[in-house]
Amino acid sequence: MQLLVNGDPTTLSYWLNWRVFLCAIWVLTPMVIASFLIWKYDRSDNLKKSGEGRNQDENSSSLRNQSWKPCLKEVHPLFLMFFRMIAFCLLLVAVSFDVAIHGFELFYYYTQWTFTLVTIYFGFGSLLSMHGCFHHLKINNSRISKDTEQGLYVPIASEANGNGVKLLERFDHPRKSHALLPAGFWDNLFQALFQMTAGAVTITDMVYWCVIFPFIVLRDYEMNFLTVVTHTLNAILLLGDTALNSLEFQWFGISYFIMLTGIYVIFQWIVHACVAMWWPYPFLDLSEPHAPLWYLVVAAMHVPCYGIFLLVFKVKHFLFTRWFPHSYHC
């Protein structure tokens, strides 16, 4: 659905007015605040997790486990890995068909940015899960072989006496897994990607089904299968992964969500400043008299949309701690 512009965005007069100034404030101010929150809280949180000495090893292990281990002990990591791989394949097929039918103009829409982001999330998650499961099996097998060779000399006991080894703790203790990914950039990136994706999926699907869909139905708009898939499959698969994974969901993670939307809006401004073309969403058109109000409303919507997913995460934690008190670790 292409929307005509009221003015020519390639002219200087289109940008030099009070509406653009206000809209720029609504976009840039949250981005500056989000950057500060990421620097302050995410950086300090990572430093706190890194710790010192023995605490450094344990906290680092916990951080690396989050990217590929399920939140329930009874669920094997391979199950989460296969779930992510299947989700990635489904989303990749949907994106490919959508682009093949409608062309790359789809990427002017925030919806397609979100759907592609979810696809990247599951692709990245599949790689982390495969890496974690591979090292988990490899190192545990080498440990078992070593213990078998030394079986006549190592007493099997849950408590170490003398030169004894705590075999039970070695394999079962949640904080001392030996099959781990290198802690650092990739784990933090996946954590940030999860929080960014959650907010983007929520606002995309809610705006479509609660705001856009009622109006297009009144205009006898024909829904197609790919449109429904684009606005439902991403949320269903992400909720499934949320139920299984052991990732954290901090309140300041909304900063990544805000940065994504801000980058999208700035991208649209740059494109339209260079080429006179249609706006993918009517409220993005800066020539509209109520453009500043629209920008402010959409910016404010980020808080409840992220809050909805945060509530889902809290409900998961509340239910799992009561249903699986001895199995749930998150």
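In the hydrophobic clustering of this structure, Leu106 does not group with Leu233; members are Ile, Leu, Val, Met, Phe, Trp, Tyr whose side-chain heavy atoms approach within less than 4.5 Å, directly or through other members. Neither Val93 nor Val95 shares a network with the other; the hydrophobic side chains, linked directly or stepwise wherever heavy atoms of I, L, V, M, F, W or Y lie under 4.5 Å apart, form separate groups for each. No single ILVMFWY cluster, assembled from side-chain heavy atoms under 4.5 Å apart, contains both Ile254 and Met206. In terms of hydrophobic clustering, with Ile, Leu, Val, Met, Phe, Trp and Tyr side chains grouped at heavy-atom distances under 4.5 Å, Phe97 and Ile86 are assigned to different clusters. Grouping the Ile, Leu, Val, Met, Phe, Trp and Tyr side chains by contacts below 4.5 angstrom, directly or via other members, places Ile101 apart from Leu91.
Ring to ring, Phe124 and Phe190 are close: their centroids are under 6.0 angstrom apart. Residues Trp251 and Tyr41 place their aromatic rings such that the two centres sit under 6.0 Å apart.
Within 6.0 Å of OH on Tyr108 lie no more than 12 heavy atoms contributed by other residues, nucleotides or ligands. Heavy-atom contacts from other residues, nucleotides or ligands closer than 6.0 Å to CE of Met259 number more than 12. The environment of CH2 in Trp294 is sparse: at most 12 heavy-atom neighbours from other residues, nucleotides or ligands sit within 6.0 Å. Counting heavy-atom neighbours within 6.0 Å of Phe267 CZ, excluding the residue itself, gives a total above 12.
For the 3.5 Å distance criterion, the side chains of Glu248 and Gln191 fail to qualify, holding no donor opposite an acceptor. Tyr328 and His317 form a side-chain donor-acceptor contact under 3.5 Å, judged by distance and modelled atom types alone. Side chain to side chain, Thr204 and Tyr110 fail the donor-acceptor criterion of an N or O pair below 3.5 Å.
If you run side-chain contact (heavy atoms from CB on, under 4.5 Å) between Met31 and each of Thr261, Val265, Ile263, only Ile263 comes through. Tyr264 pairs with exactly one of Phe257, Phe107, Trp269, Trp113 by the ring pair (Phe, Tyr, Trp, His ring centres under 6.0 Å) rule, that one being Trp113.
Here CG of Leu286 is found 10.5 Å from CD of Gln268. Values are rounded to the nearest 0.5 Å. Distance SG/Cys23 to CG/Leu293: 9.5 Å, rounded to 0.5 Å. Met85 CE to Ser129 OG: the interatomic distance, rounded to the nearest 0.5 Å, is 9.5 Å. To the nearest 0.5 Å, atoms CD1 (Ile308) and OG1 (Thr202) are separated by 6.5 Å.
In terms of heavy-atom proximity, Leu80 sits nearest to Asn245 at CD2-CA, 4.4 Å. Closest approach of Val298 and Ile203 over heavy atoms only: O-CD1, 4.4 Å. Closest non-hydrogen pair, Ser246 versus Lys69, comes out as OG-O, 2.8 Å. Pro9 and Val275 make their closest contact through CG-O, 4.4 Å (heavy atoms, listed as atom of the first residue, atom of the second, distance). Across all their heavy atoms, Ala276 and Thr10 have their closest contact at N-CG2, 3.4 Å. Of all the heavy atoms in Ala87 and Phe122, the pair that sits closest is CB-CD2, 3.6 Å.
Trp26 places a side-chain N or O within 3.5 Å of a backbone atom of Pro292 that can act as its donor or acceptor partner. Side chain of Ser327 to main chain of Phe324: no donor-acceptor pair is present (N/O by atom type, distance under 3.5 Å, no hydrogens or angles). Although no hydrogens or angles enter the test, the distance criterion places no donor-acceptor pair under 3.5 Å between the side chain of Trp323 and the main chain of Phe318. Panel note: side chain Glu288, backbone Phe283; no donor-acceptor pair is recorded below 3.5 Å.
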With side-chain contact (heavy atoms from CB on, under 4.5 Å) as the test, would you mind laying out the steps for Leu237 and Val118 before giving the verdict? CA-CA 9 Å; Leu237 294 177; Val118 180; 5.7 Å; no
Residue pair Thr242, Phe309: steps toward the side-chain contact (heavy atoms from CB on, under 4.5 Å) verdict: CA-CA 10 Å; Thr242 302; Phe309 209 94; 3.4 Å; yes
Any chance you could lay out the ring pair (Phe, Tyr, Trp, His ring centres under 6.0 Å) test for Tyr109 and Tyr281, step after step, and finish with the verdict? CA-CA 8 Å; Tyr109 291 94; Tyr281 303 102; 5.7 Å; yes
Passes side-chain contact (heavy atoms from CB on, under 4.5 Å), Lys316 versus Cys71? Steps please. CA-CA 10 Å; Lys316 167 200 167 182; Cys71 59; 3.8 Å; yes
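In this structure, Tyr14 and Trp279 have parallel ring planes: the angle between them is below the 30° cut-off, well short of the 60° mark. Relative ring orientation between Tyr306 and Phe249 is described as parallel, the plane-to-plane angle staying below 30° on a 0-90° scale split at 30° and 60°.
Under the 4.5 Å side-chain criterion, counting only non-hydrogen atoms from C-beta, Leu37 is in contact with Ile33.
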